[in-house]
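All figures in this text were calculated on a predicted structure; none of them were measured in a lab.
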Amino acid sequence: MTLQFLIWREWRARPGRAVLTLLSVAFAVAAVLGTSLAQSTVRQSYAALSDALAGPPALDIVAAEGGRFPLADVPPLNALQGVRATMPMMFRATIARAAGKRWKTLVLGLDVDALEAWSGLELTAGQLPAEGGQSLIDASLAQSLRLEMPARLVVVTRRGTATTTVVGAASSSSLRTLGNGATLVVSMKTAQRWFGAAGQADRVRVFVDEAERRESLKAEIAARLPDRLVVQEPASQLRLADEILRSSELALQFAGALALAMAAFIILNTLRMNFSERRWQFSVMRAIGATSRQIHRLVTAEGLWFGCIGAALGIPAGVLVAAVLGRAMQQLLGADLPATWPGPRSILFGACVGPAVSLAAAWMVAR
C-alpha cells in the first residue's frame, strides 16, 4: 500500500476530523493572506495620497524664525536654471460670513500674475478670479454652505470687515498642494491689504522643472538668501499623508505578524490532535512491520496534503478577508481605497504558507 492510499483511507474513515483539519489550515491561510493584501492596499493608498498631496516639485522660502518677511529680501530666482516660477503666498486665519452662516476659514493670498498657482487649481464650479475683489472657495465648503456662484462673502480683517465676491470653487485636493487647510483664495494684494502686511509674505514657493534638480537648486538658492531666510521642501503635505495612513499600515503589519503566529499555532495544535488520536493505528502499523521512518513519512506526507488542500481553500477566502478589511479601512479613514487583487507573488505566498507551516507542524508531531 502506498502512503497516498493510507492517507485517503484514513480521511474516508474519519471525514469529520479531516474536514475540520483542512478548514483550520484554510482559515489560517486566509487570515495571513487577507492581512497581507490589506497591507498592500494601504501601501498603494499611501503612495497615491503622497503623490496627490505632494503636487509638482517645489521648494519653499520661509523665515528662519517663522512668521512673515518682506518680499524685498528674496532675490530674483527666475534666472536660475531649473526654476520654472516663483510665487509669494500669505496665510491668515479669520472668520467669514455668508448667507447668514458664520465659520472659521484660512485665507490664502496668491499673486494674480502667478499663473503656475492659479492654473494648478482644479475648478469644480465658476471661474478664476479676474480682479482683486473676487475670490475662490473650497468646493467641499461651498457644497456644505450651499453657496451659489457668485456669492457675497464678508471677511473679518485687521481693520474691520471686508467683502469679496466668490466667483469659483476649487477642489480640496488642488488647494492642499498650496497649503493645508486653505479654504478661501484671494489675490496677494487683497490679502496684504486686509491684514496690514503690505510688501510681505509668509512664504515664497519656487516651482522646479524636475524633482531631480530640487536638491542642487536648494543649495544654489540657499547661497543667495540672507541669513534670516531659509529654503526647504514643502513637506507638510507628505506628513499629512503619513499621519493618515502610516498608523493604519503599522496596525496591519502587527495584525499580519499576529495572523502568521496564529496560523502556526492553529495548524500545529490541529495536527497534534489529529495524530494523537491515531496512536493506536501507528502502534498497529509498527507491530506488523512498519518502520519508524515510514511512520514519519506518513505523518509528514499527510501534513503536506493538509497544507496544500487547505491553501487552495484559503486563498479565495483570503481575498474575501482582504475585501472586508478594505471596507473597514475605508470607513475608518473616510477615504476610497483601491481594490487590491492578488498577484502572482501574493498567490505564491498564500500557496507556500499552508504547506510550509503544515509540514513544519507535522515534522514536530512526528518528532
Side-chain angles (χ1 to χ4, degrees), residues 53 55 60-63 65-71 87-114 117-118 120-205 234-237 239-241 243-244 334-335:
L53 293 178
D60 280 350
I61 299 174
V62 297
E65 298 180 355
R68 59 193 180 195
F69 57 89
L71 285 172
M87 178 187 63
M89 305 169 68
M90 175 175 286
F91 298 89
R92 286 295 180 274
T94 185
I95 297 175
R97 185 174 67 250
K101 297 180 181 179
R102 181 186 178 100
W103 69 93
K104 294 180 180 179
T105 186
L106 181 63
V107 177
L108 169 60
L110 297 179
D111 190 349
V112 293
D113 297 327
W118 294 100
L121 292 175
E122 180 184 351
L123 289 180
T124 60
Q127 61 185 15
L128 290 173
E131 57 186 51
Q134 297 179 346
S135 58
L136 285 178
I137 195 171
D138 181 272
S140 301
L141 178 60
Q143 184 177 6
S144 64
L145 296 174
R146 298 180 180 177
L147 289 181
E148 296 183 0
M149 311 301 169
R152 182 174 177 271
L153 227 65
V154 178
V155 180
V156 177
T157 69
R158 185 176 179 179
R159 295 183 174 87
T161 60
T163 60
T164 180
T165 302
V166 178
V167 296
S171 66
S172 302
S173 58
S174 62
L175 283 175
R176 278 197 299 266
T177 61
L178 299 177
N180 291 329
T183 54
L184 183 64
V185 184
V186 298
S187 70
M188 189 68 178
K189 291 183 179 179
T190 299
Q192 290 173 339
R193 184 178 70 254
W194 282 356
F195 303 105
Q200 296 182 326
D202 291 313
R203 74 180 65 162
V204 174
R205 177 150 297 180
S236 57
Q237 294 91 347
R239 284 199 296 269
L240 176 63
E243 291 173 0
I244 292 175

Check Leu136 against Pro129 and note the closest heavy-atom contact, atom names and distance.
-> CG-CD, 3.7 Å
Would you call Asp60 and Arg205 a salt bridge, using N to O less than 4.0 angstrom?
-> yes
Can you tell me how far OG1 of Thr94 sits from CH2 of Trp194, rounded to the nearest 0.5 angstrom?
-> 8.5 Å
Whether Thr105 side chain and Ile95 backbone form a donor-acceptor pair below 3.5 Å | no
Check the surroundings of atom CZ in Arg97: do more than 12 heavy atoms from other residues, nucleotides or ligands lie under 6.0 Å from it?
-> no
Distance col, row Ser171:OG vs Leu123:CG, nearest 0.5 angstrom, shows 8.5 Å
Report the distance from atom NZ of Lys189 to atom CE of Met90, rounding to the nearest 0.5 Å.
-> 13.5 Å
Verdict with supporting geometry, Leu121 and Leu175, side-chain contact (heavy atoms from CB on, under 4.5 Å) = CA-CA 7 Å; Leu121 292 175; Leu175 283 175; 3.8 Å; yes
For residues Ser140 and Ser172, report the shortest heavy-atom separation together with the two atoms involved.
-> OG-OG, 3.1 Å
For residues 136-152, the salt bridge (Lys or Arg N to Asp or Glu O under 4.0 Å) pairs (sequence neighbours left out) are none
Going through the distances and angles, do Met89 and Leu110 end up as a side-chain contact (heavy atoms from CB on, under 4.5 Å)?
-> CA-CA 5 Å; Met89 305 169 68; Leu110 297 179; 4.0 Å; yes
Nearest-0.5 Å distance that lies between atom CH2 in Trp103 and atom CG in Leu141 = 6.0 Å
For the atom pair CD1 (Ile61) and CZ (Arg203), what is the distance rounded to the nearest 0.5 Å?
-> 12.0 Å
Mind running side-chain contact (heavy atoms from CB on, under 4.5 Å) on Val166 and Met149 for me, showing each step along the way?
-> CA-CA 6 Å; Val166 178; Met149 311 301 169; 3.7 Å; yes
Nearest heavy atoms of Phe69 and Val62, plus distance in Å = CE2-CA, 3.9 Å
Phe91 and Leu108: which non-hydrogen atoms are nearest, and at how many Å?
-> CE2-CD1, 3.4 Å
Separation between CD (Gln134) and OG1 (Thr164), nearest 0.5 Å, reads 7.5 Å
How close do Leu147 and Ala98 get, heavy atom to heavy atom, and via which atoms?
-> CD2-CB, 4.2 Å
Where do Arg68 and Gln192 land on the side-chain contact (heavy atoms from CB on, under 4.5 Å) test, with the steps shown first?
-> CA-CA 11 Å; Arg68 59 193 180 195; Gln192 290 173 339; over 6 Å; no
Scanning both residues in full, the closest heavy-atom pair of Pro88 with Ala201 reads CB-CB, 4.3 Å
Does atom NZ of Lys101 have more than 12 heavy-atom neighbours from other groups under 6.0 Å away?
-> yes
